[in-house]
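Accompanying notes for the structure given below.
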Amino acid sequence: MWKSKVPSLTVFLIHWVLGFQSVVWKETSASCRLQGTFNPHVLYMEGDFVIGGVFSLHPTVRIVEHNYTRQPEPTQLSLIGLSFARAMEFAIKEINSKQDLLPNITLGYQMHDSCTAIPMAVNAAFQLANGQDAEIVTDASCPKVASVAAVVGDSTSASSIGMSRILGLFGIPQVSHFATCSCLSNKQQYPTFFRTVPSDNFQAAALAQVVKYFGWKWIGAVRSNTDYGNSGMASFLRVAEKEGICIEYSVAFVKTDPLRKVKQIADIIRHSTARVIVAFVQGSDLRVLLSELIKEPQPRLQWIGSEGWMIEPDLLNFGLFSGAIGFSFEAFAMPGFRQFLLDLSAIEASQTSLLKEFWEDTFGCKLQGEITQMGLEQGVRVCTGSENLNNVNSFFTDTSQMRVVNMVYKATYAIAHALHGVVCNSRQQATSGIIYIYIYRFNFTVNGYSVMFNSNGDPANGAIYELINWQVSKEGKLQFVTVGHYDASQPKDHELQLWRIVPASVCNENCPPGTRKAAQKGKPICCYDCVACGEGEISYYTDSPDCVSCPDEFWPNSQRDKCLPKPIEFLAWDEVLGIILTVCSITGTCMVVAVTGIFYRHRTSPIVRANNSELSFLLLFSLTLCFLCSLTFIGRPTESSCMLRHTAFGITFVLCISCILVKTIVVLMAFRATLPGSNVMKLFGPPQQRMTVVGFSSVQVLVCILWLVLSPPFPIKNMSHYKERIILECNLGSAGAFWAVLGYIGLLAVLCFVLAFLARKLPDNFNEAKFITFSMLIFCAVWITFIPAYVSSPGKFTVALEIFAILASSFGLMTCIYFPKCYIILLKPEQNTKKHLMGKVPSKSLQDQMWVCLRW
């Protein structure tokens, strides 16, 4: 088979460096024996020439605590890794059926699972180089025969580097389908390495072109802490620095790092100000980071991805990459491949552990022969054999996105063409070194695409990428959509072409006046939202980056492109509310004047004389002032009107309540004066009554004078309550003084109500106390309701509410106290007699005494 040129001692040294602790020295022969066995391959077929394959079939990391008493549970099968293996199998099957390529020669394959782990990949390289021998010898008896002609793989750069260092010693050609690290172009370190994908140097330049194209200047960088991530990100940062792109942070990790480190990186991403992240990571590493990011709400981020994860179907399930853009390899057709995948049957799947695992995971059943009695008792479903992959909709059966799969197909054909050259066109023995030379020499076309390698083992036709965008479909699912193209062979600054808008950065028409451009951090400066200017702001011109605030006394128009003077609001005479309140005030004043006229005309009648006519006329005068003082609250506030309205209101209402209070006291004393030996009325005659009214009123006058002297009310423009208009109102000057005025009125009203309530059992015909009780009840109810409404009412409605309280309480007083008397005077004159008024007083002498008291 394949002759190796490596000294036997090298094999031992490699094993010793890699830490194989099972090496046991013998004095008679230098040999070591493996202490355990390992399944050497997952897919295998005999052939005249065998091609090795190494793919990451189980990349998921499961963090467990091993006790080494049983085998670890298998991890989840990767559909994309399985598609790589099936693509190689399909290519070999296709080659074996061709008559113009390796005629009469059968190719076989031996495929291994690297699990995206370097030790597993290196182990696979040893097995492909020398097979799974029970004994590894280091003397001249080593057969020096490689078990494969060449190797396809691995799926990651780090694993491929480890494999290449082993396979290169044996001279075995290695053609990778997905290892993009630029370091692998170094032929001194990796002499037998080839790849069908371009170097990351091209991709780094392409990513920088995307960032530059959208005008992103402030970004974050995340990379896998492997040769792939570190080398690729270093290339990107070099190009980004030349383009003036600033990096806020650059962090690295791998999936096997402690969870604490992954959490730290997730926190850096969450709390950073950069909203664009360039991620040069492998899909298996990114899964670990995403599992941590989804634990907390994330800011809206724009992800830019390398080919290592850009078309990983499993990442769609995290739901974090809507709008992500990145590069992947150009897709081309593989006729017959989809049908090859769908033709897999249950019988064929059951013959291979890998395909059996895929079948059981896909259809949720167990193939016969693998079910124990315990499994049947636990309700495990048995596969019927009638399952059909045509009814399955998954990434495995969707060949439209099999971009990297095409690279496996090309790599297999490259090895086959080299073998064809060796076998058919060369008289030399087919050794690994000869195959290596023919891979360099040959160029061929497969399905219309040219395949050839340069001196570094890279594709000679340069780098062509497709720009992929993760878009939300009509069904609400993320999908891969090609939105652009990158061709490194084009002139500088013309390599990148976009023909579809990326949904995550929606570009707008020019923003009209009244709006501003709102470009979120990390979004392209040419793609922005036109946001209407906020309250109190305008923009004068098109595409304004900011809005400007209007001056304090101005407010924007509806288009928010011009500042207009704010309307000034106050309770005006000519508005509906002002007219209604004015009419009510004048009506009340007229009613008081009419009552005054009635009382004056009938001033000698018993009912007027019995109700202390002097106090009655004074009360009518104060009620007139109460109705008129409400007019001072209407109109444009001025310094004089502000000082007049509150002080006039306070003094007139205290005068009014004082008169009612004295009338109530007089009624009580009139009945106490009828008691034998009582001289109460001599102590509370007309002079004392006048002095009491003056005394109660003087207190309020003094408070108002102090208010006006120390901190008088004044007009202000209130622009804080409403932003769009100015409220012209009276500032109280001293809120304490206002509430003192109001509180004093309330104190007198409560006192009057209590005294009137005490006089409720006096004779009814001339008893005025019950009417005073009702009037005070209405008065207190109005003003108690007024206080919370006054505090919460805005603008001119505060003034209107205060006027309403004044008018309501004034009408209440006048109605309860004077309307019953006017009713008797005008409609029941027969009851307007001394006899009727004294009808319930028990004796004539008592009637005379009370009559005298009431007349006072």
Side-chain angles (χ1 to χ4, degrees), residues 157 160 175-187 190 193-216 219 221 223 227-245 278-281 304-311 325-332 403-404 406-411 414 440 443-469 480 482-500 502:
S157 296
S160 296
V175 185
S176 176
H177 59 285
F178 210 8
T180 58
C181 179
S182 59
C183 58
L184 286 166
S185 297
N186 188 337
K187 284 299 151 190
Y190 314 103
F193 180 82
F194 300 86
R195 54 185 164 195
T196 54
V197 291
S199 164
D200 278 337
N201 283 334
F202 294 103
Q203 185 176 201
L207 291 172
Q209 282 287 318
V210 171
V211 176
K212 177 184 177 182
Y213 179 87
F214 288 115
W216 294 320
I219 65 174
R223 68 186 187 277
D227 296 281
Y228 165 75
N230 293 329
S231 175
M233 184 58 72
S235 299
F236 169 78
L237 294 180
R238 283 194 297 269
V239 180
E241 184 179 1
K242 294 178 181 178
E243 298 293 348
I245 300 168
V278 176
F280 227 111
V281 296
I304 305 176
S306 64
E307 95 297 333
W309 64 271
M310 201 59 217
I311 57 169
I325 56 175
F327 290 103
S328 186
F329 308 117
E330 192 177 23
F332 73 95
R403 303 168 186 275
V404 185
N406 298 332
M407 301 302 172
V408 178
Y409 185 77
K410 289 180 179 180
Y440 267 125
N443 64 81
F444 60 95
T445 301
V446 55
N447 293 334
Y449 288 83
S450 176
V451 179
M452 59 185 301
F453 300 97
N454 60 21
S455 59
N456 294 325
D458 297 332
N461 51 357
I464 299 177
Y465 297 100
E466 288 184 357
L467 186 63
I468 307 299
N469 179 219
F480 304 129
T482 301
V483 297
H485 185 267
Y486 181 89
D487 187 350
S489 64
Q490 297 298 315
K492 183 176 175 57
D493 295 331
H494 291 82
E495 302 95 337
L496 181 65
Q497 294 182 358
L498 270 71
W499 56 79
R500 297 181 65 174
V502 179

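Hydrogens, waters and symmetry mates play no part in the numbers below; they use all other heavy atoms, side chains included.
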Do the non-hydrogen side-chain atoms of His177 and Val404 ever get within less than 4.5 Å of each other?
yes
Can you measure from SG (Cys183) to CG (Asn230) and round to the nearest 0.5 angstrom?
10.0 Å
Looking at every heavy atom in both Leu498 and Tyr213, which two are closest together, and how far apart are they?
CD2-CE2, 3.8 Å
Are any non-hydrogen side-chain atoms of Ile304 and Phe236 less than 4.5 angstrom apart?
no
Lys NZ or Arg CZ of Lys410 over Phe178 ring: under 6.0 Å, within 45°:
no
In terms of relative ring orientation, are Tyr486 and Tyr465 parallel, tilted or perpendicular, with 30° and 60° separating the classes?
tilted
Within the structure provided, determine whether Tyr449 and Asn406 are in side-chain contact (heavy-atom separation under 4.5 Å).
no
Under a 4.5 Å cut-off applied to non-hydrogen side-chain atoms, are Asp487 and His494 in contact?
no
To the nearest 0.5 Å, how far apart are CG in Leu184 and CZ in Phe193?
4.0 Å
Could you tell me which non-hydrogen atom of Met407 sits nearest to which non-hydrogen atom of Phe329, and how far apart they are?
CE-CB, 3.5 Å
Per the side-chain hydrogen bond (donor to acceptor under 3.5 Å, both in side chains) rule, which among Ser182, Ser306, Ser160 passes with Tyr228?
Ser306
To check you understand the geometry: which heavy-atom pair defines the closest contact between Glu466 and Glu330, and what is its length?
OE2-CG, 3.8 Å
List for me each residue that meets salt bridge (charged side-chain N to carboxylate O under 4.0 Å, His left out) alongside Arg195, sequence neighbours excluded, and say none if there are none.
Asp458
Once rounded to the nearest 0.5 Å, what's the spacing between atom NE2 of His485 and atom CG of Leu496?
10.0 Å
Would the distance check show the side chain of Tyr190 and the main-chain N or O of Ser185 forming a donor-acceptor pair, the cut-off being under 3.5 Å?
no
Euclidean distance, Thr482 OG1 relative to Ile468 CD1, rounded to 0.5 Å:
3.5 Å
If you look at every heavy atom in Asp493 and Lys212, which pair is closest and at what distance?
OD1-NZ, 3.6 Å
Any donor-acceptor pair under 3.5 Å linking the side chain of Glu243 with the backbone of Glu241?
no
Rounded distance [0.5 Å steps], CG in Leu207 versus CZ in Phe202:
13.5 Å
Gln203 and Thr180: side-chain donor and acceptor closer than 3.5 Å?
no
How long is the gap from CG on Asp200 to CD on Glu307, to the nearest 0.5 Å?
5.5 Å
